[in-house]
Number of protein chains: 2
Amino acid sequence: MPKQVDYESRRRRIAEAVCLLADEHGPEGVSMRDVAARAQVSLGAVQRCFRSKEEMLLFAVDHVGGRITQRVRNRVAASPAQSAATALGHAADEIALLREEHRAEARIWLAFVAQAAVSEPLTGPLRTSYAALQDLLTRLIAEATESVPADEDAAPLDPQREARALLALADGLTTHVLVGHLTAEGAEEVLHAHLVGLWERLGTARPGKAV
Amino acid sequence: MPKQVDYESRRRRIAEAVCLLADEHGPEGVSMRDVAARAQVSLGAVQRCFRSKEEMLLFAVDHVGGRITQRVRNRVAASPAQSAATALGHAADEIALLREEHRAEARIWLAFVAQAAVSEPLTGPLRTSYAALQDLLTRLIAEATESVPADEDAAPLDPQREARALLALADGLTTHVLVGHLTAEGAEEVLHAHLVGLWERLGTARPGKAV
DNA sequence: CCGGAAGCGATACGATCGTATTGGAATAAG
DNA sequence: CTTATTCCAATACGATCGTATCGCTTCCGG
């Protein structure tokens, strides 16, 4: 058998190039040729890695989704183990992608989401990532709920519903920052206020530091 | 002087065609030729109405933004005058575009938002619409706050911040429905729960019917 | 009533797209 | 060493894009 190449690492490299270009020129604005140039491979190499452009985009969205999810998980794991509420704050903050260094990732994500709303096969990886994040948030909220000494009379708090709200809020805030309707600071303030409200409903005292 | 045509009405017709196509094939997926065919005019006519494609898209996004904003305003105006809280619920519900008949509008909006995150000149009309909606929500929340008999000790509720949160949540929920992460019913439930929480913090009794 | 400006549809043009194909370089098996 | 197979870069191809241009029609002003 002749030559052997590591397709997996090349695919990842190409996915990175896709992300860079999607950040600059939008989702449909990335061409196979530009991707090849960015990844420093030939057009033919890209074609051998992916049978079609759609397959390439699908891999790329999965790649970036996995990266974001993993970073959130890492942040949660690095949080103080005894305080699920603090971890929750960190997770939400990480999901919102508000910091300047993640602006590119946010643009990429938005680009793929918009594409998926119309292209259908792209919804798969996207849903996977959203489901993973929602599950993580749900778990953290449930954990924080249990940690509060005892249930009072009121507050029928549904962890899954709260997780969905938090995820949607973070996503919406990110979008509004991207189009310039909000500043990153304004969005962060809104997110923070929502978390404070959530903690109050949990009956948990507000953790000392939440960003 | 020779012929005279009503450019304004033609522009609107073309904008409608742009929306239909953006709903079907995404933002960048609309071509001048397809637009012309949909609007039942010649390609040349489209070119005479808009100097470039970007100008056409800009007009279209302004068109749909204005339409959405107007519908929300109408809904608010049709709400019982004495209950700002009820009007707020209606407004939020209308903004979220969750009903099936507005799915197309939601897709169009998302398409333009994604485009704007990368194209810059499109952010103008988009920001205008977002600002209008946020102002409306802010006013309704402030109104509802004042209507509550007296301020207790706590609750330093910031109407603008709450409006931003509500707008971002509605936007995020719409997006999540579009990509299939949530069902319309699930999103509605989350939105409803958020509104209930908001009303409680307002000190207002929950209005009788909220959707 | 008639000359010319404005609108019209059609077509042309250059660029760029995704994909297919091709001929040669590289390599492991025989 | 030979040979068959895999990889490679480059180029070709057909389609489609946005835009420019061109005769022809239409209709108001003088």
Side-chain angles (χ1 to χ4, degrees), chain A residues 1-15 17-61 111-112 114-116 118-122, chain B residues 1-15 17-61 111-112 114-116 118-122:
Chain A
M1 298 295 170
K3 253 194 189 172
Q4 285 290 67
V5 300
D6 184 0
Y7 276 93
E8 210 48 46
S9 80
R10 176 133 71 194
R11 262 194 270 261
R12 273 196 298 271
R13 179 134 73 103
I14 291 174
V18 170
C19 290
L20 286 177
L21 289 172
D23 170 39
E24 292 168 8
H25 314 108
E28 293 270 17
V30 315
S31 72
M32 305 283 284
R33 284 167 178 85
D34 291 349
V35 168
R38 271 294 183 128
Q40 307 211 63
V41 298
S42 72
L43 176 56
V46 178
Q47 291 187 262
R48 231 166 303 103
C49 279
F50 305 102
R51 255 185 296 274
S52 69
K53 182 182 184 178
E54 185 172 59
E55 193 174 303
M56 180 183 76
L57 291 179
L58 228 123
F59 183 90
V61 64
F112 281 129
Q115 187 82 358
V118 125
S119 136
E120 175 62 21
L122 276 185
Chain B
M1 300 292 171
K3 252 196 192 172
Q4 284 291 67
V5 301
D6 184 0
Y7 276 94
E8 211 48 47
S9 80
R10 176 133 73 197
R11 263 195 268 262
R12 273 196 298 273
R13 180 134 71 104
I14 292 174
V18 169
C19 290
L20 286 176
L21 290 170
D23 169 40
E24 292 168 6
H25 315 107
E28 293 271 18
V30 315
S31 72
M32 305 284 282
R33 284 167 178 83
D34 291 349
V35 168
R38 271 293 184 129
Q40 307 210 61
V41 298
S42 72
L43 175 56
V46 177
Q47 290 187 264
R48 243 181 321 283
C49 278
F50 305 103
R51 257 185 295 274
S52 70
K53 181 182 184 177
E54 186 174 57
E55 194 175 303
M56 180 182 76
L57 291 178
L58 229 123
F59 182 90
V61 64
F112 281 130
Q115 186 81 358
V118 124
S119 138
E120 177 60 20
L122 276 186

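Labels below follow one simple rule: chain letters A, B, ... track the order of the sequence lines, proteins then strands, and each chain is numbered from 1.
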_Rounded distance (Å) that lies between atom C1' of C/dC8 and atom CD of B/Gln40_ = 16 Å

*Using a cut-off of less than 4.0 Å, is there contact between a side-chain N or O of B/Arg48 and OP1 or OP2 of C/dA6?*
no

*Mind calculating the distance between CG (A/Leu43) and P (C/dT21) to the nearest angstrom?*
15 Å

_What is the separation between atom CD on A/Gln47 and atom P on C/dT21, rounded to the nearest whole Å?_
11 Å

*Could you grab the distance from atom CZ of A/Phe59 to atom CD1 of A/Ile14, nearest 0.5 Å is fine?*
9.0 Å

*Tell me which nucleotide among C/dT11, C/dG18, C/dG9 gets nearest to the side chain of B/Ala45.*
C/dG9

*Roughly, in whole Å, what's the span from CG in B/Asp34 to C1' in D/dA15?*
13 Å

*Which heavy atom of A/Gln40 sits nearest a heavy atom of A/Arg13, and at what distance?*
CB-NH1, 4.0 Å

_Atom-to-atom span, CG of B/Leu57 to C1' of D/dC17 - whole angstrom_ = 13 Å

*Between A/Glu55 (CD) and C/dT19 (P), how many Å, whole number?*
10 Å

_Minimum heavy-atom separation for B/Glu55 and B/Cys49, please, with both atom names._
OE2-O, 4.2 Å

*Nearest-Å distance, CG (A/Leu21) to C1' (C/dG18)?*
16 Å

*Given C/dC17, C/dT11, C/dC8, which nucleotide is nearest the side-chain atoms of B/Arg10?*
C/dC8

*Just to confirm, is there a sub-4.0 Å distance from OP1 or OP2 of C/dT16 to any side-chain nitrogen or oxygen of A/Arg33?*
no

*Contact class for B/Val30 vs. all strands (heavy atom < 4.0 Å): base, sugar-phosphate, or nothing?*
sugar-phosphate

*asked:* Measuring from the side chain of B/Tyr7 (C-beta onward, heavy atoms only), which nucleotide among C/dG7, C/dC17, D/dC17 has the closest atom?
replied: C/dG7

*Which is true for B/Ser31 with a 4.0 Å heavy-atom rule: it touches a base, it touches only sugar-phosphate, or it touches nothing?*
sugar-phosphate

_Heavy-atom pair with the smallest gap, counting every atom of B/Ala15 and B/Ala60_ = CB-CA, 4.1 Å

_Ignoring hydrogens, what is the shortest heavy-atom contact between B/Leu57 and B/Val18? Give both atom names and the distance._
CD2-CG1, 4.0 Å

*Among D/dT19, C/dG18, D/dC17, which is the nearest nucleotide to the side chain of A/Met32?*
C/dG18

*Take the protein atom NZ of B/Lys53 and the nucleotide atom P of C/dT16, then report the distance between them rounded to whole Å.*
15 Å

